[in-house]
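Some notes on the structure that comes next.
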Amino acid sequence: MTAKGLLLVFIEVSDALPESEFHSWYNDEHIPLRTALDGFKSATRFVQADGQKPTWGAVYDISDLDFLKSSAYTELAKTRSAREADVIKKLEYLERRVYTLNESAPTTVSSAFAGYTEGTTLVAVSIDVAPENEADFHKWYDEEHIPLLSKVPGWLRSRRFILADSGASGALKETDGFKAPPKFLALHEYTSAENLASPEWKTATSTPWRNKVVDNALSVEKRILKIIKTF
């Protein structure tokens with residue numbers, strides 16, 4: 001079954017929580033409890049590759065949004081261990097974003113794509129546009145932007161999503177720089193961050209149509225992330 005939902009998580013670890021303890025909990029307890037459920041189709045951890053915070057995170061492909069309302073999933077929070085409760089309490093920041101797949105967008109996958117792979121790069125671009133600009137925004141993405149990105153050396157896959165829900169907690173949320181996530185997400189995968197310095201990348205990100213879309217956008221968020229572990 002094709003995954004029609006996406007759960008994107010960003011995390012910042014506080015000084016009260018040693019990173020070794022954080023990684024042990026995430027790898028050995030938190031994710032295995034989730035991947036044991038049929039609704040989780042994949043689980044992938046990443047670290048920032050752009051110098052921005054939050055530093056850590058994970059992306060989960062899920063069957064659909066209804067799965068997150070199922071008792072199998074909601075019981076995880078109700079029955080969490082004392083260890084997990086302690087780790088979560090010590091996180092400086094925790095943000096969950098839930099998306100539904102934009103099924104009207106073309107499927108764009110390279111023949112070289114072999115699933116999430118450790119060491120590869122994720123580029124997550126989120127954009128909000130005014131309702132009157134949405135048609136042009138989608139047309140640009142489908143007809144120009146992703147076709148140009150697919151010519152970048154090392155490009156593997158591009159998928160588009162629509163925000164369904166989000167929530168955040170922790171100290172970073174209280175800062176002036178915190179903003180709710182934009183509505184539209186594009187998740188692009190490349191073999192390496194070095195691909196983002198290629199002439200093809202520069203062409204894809206500097207066309208007149210692209211500049212018009214970005215200039216008219218209500219908000220734009222871009223993260224460059226490196227996959228560190230797959231499950």
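Not measured: the values here are computed from a predicted model.
Contacts of N27 classified as side chain to side chain contact (heavy atoms under 4.5 Å, CB included), with partners at least two apart in sequence or in another chain: H23, R45, K229, F231. Partners of T74 by side-chain hydrogen bond (donor to acceptor under 3.5 Å, both in side chains), not counting sequence neighbours: none found. Every residue two or more places apart in sequence or in another chain that forms a side chain to side chain contact (heavy atoms under 4.5 Å, CB included) with L76 is listed here: L33, R34, L37, Y73. For F10, the ring-ring contact (aromatic ring centres under 6.0 Å, His included) partners at least two apart in sequence or on another chain are F46. Here E194 pairs with nothing under the salt bridge (charged side-chain N to carboxylate O under 4.0 Å, His left out) rule; sequence neighbours left out. For T230, the side chain to side chain contact (heavy atoms under 4.5 Å, CB included) partners at least two apart in sequence or on another chain are T44, Y116, E118, I227. Partners of E75 under the side chain to side chain contact (heavy atoms under 4.5 Å, CB included) rule, at least two apart in sequence or in another chain, are K78, T79.
In summary, E189 and R157 engage in a salt bridge, as defined by a charged side-chain N under 4.0 Å from a carboxylate O. Salt-bridge formation is not detected for the pair D86/R80: no Lys NZ or Arg NE/NH1/NH2 atom is positioned less than 4.0 Å from an Asp or Glu carboxylate oxygen.
The aromatic rings of Y26 and F22 sit perpendicular, their planes meeting at an angle over 60°, well past the 30° parallel limit.
What you find for A197 and K202 is that their closest heavy atoms are O-CE, 3.7 Å. Closest heavy-atom contact between L65 and G5: CD2-CA, 4.3 Å. Smallest separation of non-hydrogen atoms from P153 and E200: CD-OE1, 3.5 Å. Shown here for A193 and T121, the closest heavy-atom pair between the two residues is N-OG1, 3.0 Å. Closest approach of A124 and L187 over heavy atoms only: CB-CD1, 3.9 Å. The two residues S63 and K41 make their nearest non-hydrogen contact at CB-CE, 3.9 Å.
Interatomic distance, OG of S126 versus CZ of F161, reported as 11.0 Å (0.5 Å rounding). To the nearest 0.5 Å, the span separating CG on D64 from OG1 on T100 amounts to 8.5 Å. To the nearest 0.5 Å, atoms CG (L163) and CG (L8) are separated by 10.0 Å. If you take OG1 on T205 and CG on N211, they are separated by 8.5 Å, rounding to the nearest 0.5 Å. Separation of atoms CG (L7) and CZ (F67) is listed at 9.5 Å; rounding is to 0.5 Å. Atom CG in D50 sits 6.5 Å away from atom CG in L225 (nearest 0.5 Å).
Counting heavy atoms from C-beta outward, R223 and Q48 have side chains that approach closer than 4.5 Å. A 4.5 Å side-chain heavy-atom check between P106 and D142 finds at least one atom pair inside the cut-off. Residues W56 and V9 form no side-chain contact, since every pair of their non-hydrogen atoms from C-beta on lies 4.5 Å or further apart. Contact check for L91 versus L17: side-chain heavy atoms found under the 4.5 Å cut-off. Within the 4.5 Å cutoff, the side chain of L6 has no heavy atoms near those of the I62 side chain.
F113 belongs to a hydrophobic cluster whose remaining members, ordered by chain and number, are V109, L156; membership requires side-chain heavy atoms of ILVMFWY residues under 4.5 Å apart, directly or through intermediates. Members clustered with I127: V123, V125, V129, F137, W140, Y141, I146, L149, V152, W155, I162, F184, Y190, L196, W201, W209, V213, V214, V220, I224, by chain and number, using a 4.5 Å side-chain heavy-atom cutoff among hydrophobic residues.
Here the side chain of H188 pairs no donor or acceptor atom with the backbone of R159 at under 3.5 angstrom. No donor-acceptor distance shorter than 3.5 angstrom exists from the side chain of R160 to the backbone of S104, with no hydrogens or angles considered. Although no hydrogens or angles enter the test, the distance criterion places no donor-acceptor pair under 3.5 Å between the side chain of T117 and the main chain of T120. In this structure, the side chain of S14 engages the main chain of K90 through a donor-acceptor pair within 3.5 Å. Formation of a donor-acceptor pair under 3.5 Å by the E92 side chain with backbone atoms of A16 is not found in this model.
Identified under the salt bridge (Lys or Arg N to Asp or Glu O under 4.0 Å) test for residues 100-113, with sequence neighbours left out: K4-E103. Residue pairs meeting the salt bridge (Lys or Arg N to Asp or Glu O under 4.0 Å) criterion with at least one member in residues 124-139, sequence neighbours excluded: E134-K183, D136-K212, K139-E143. Here salt bridge (Lys or Arg N to Asp or Glu O under 4.0 Å) pairs that include residues 20-33, with residues two or more places apart or in two chains, are E29-R83.
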Stepwise side-chain contact (heavy atoms from CB on, under 4.5 Å) test for I11 and T55: CA-CA 6 Å; I11 294 176; T55 302; over 6 Å; no
Take T191 and N195 through the test side chain to side chain donor-acceptor pair (under 3.5 Å) and record every step on the way to the result. CA-CA 8 Å; T191 56; N195 304 131; 3.0 Å; yes
Run E144 and K151 through salt bridge (charged side-chain N to carboxylate O under 4.0 Å, His left out) and show every step you take. CA-CA 11 Å; E144 179 188 88; K151 297 178 181 178; over 6 Å; no
Step-by-step side-chain contact (heavy atoms from CB on, under 4.5 Å) determination, L148 to R210: CA-CA 11 Å; L148 286 177; R210 178 265 182 195; over 6 Å; no
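No more than 12 heavy atoms of other residues, nucleotides or ligands shown are found within 6.0 angstrom of CZ on R96.
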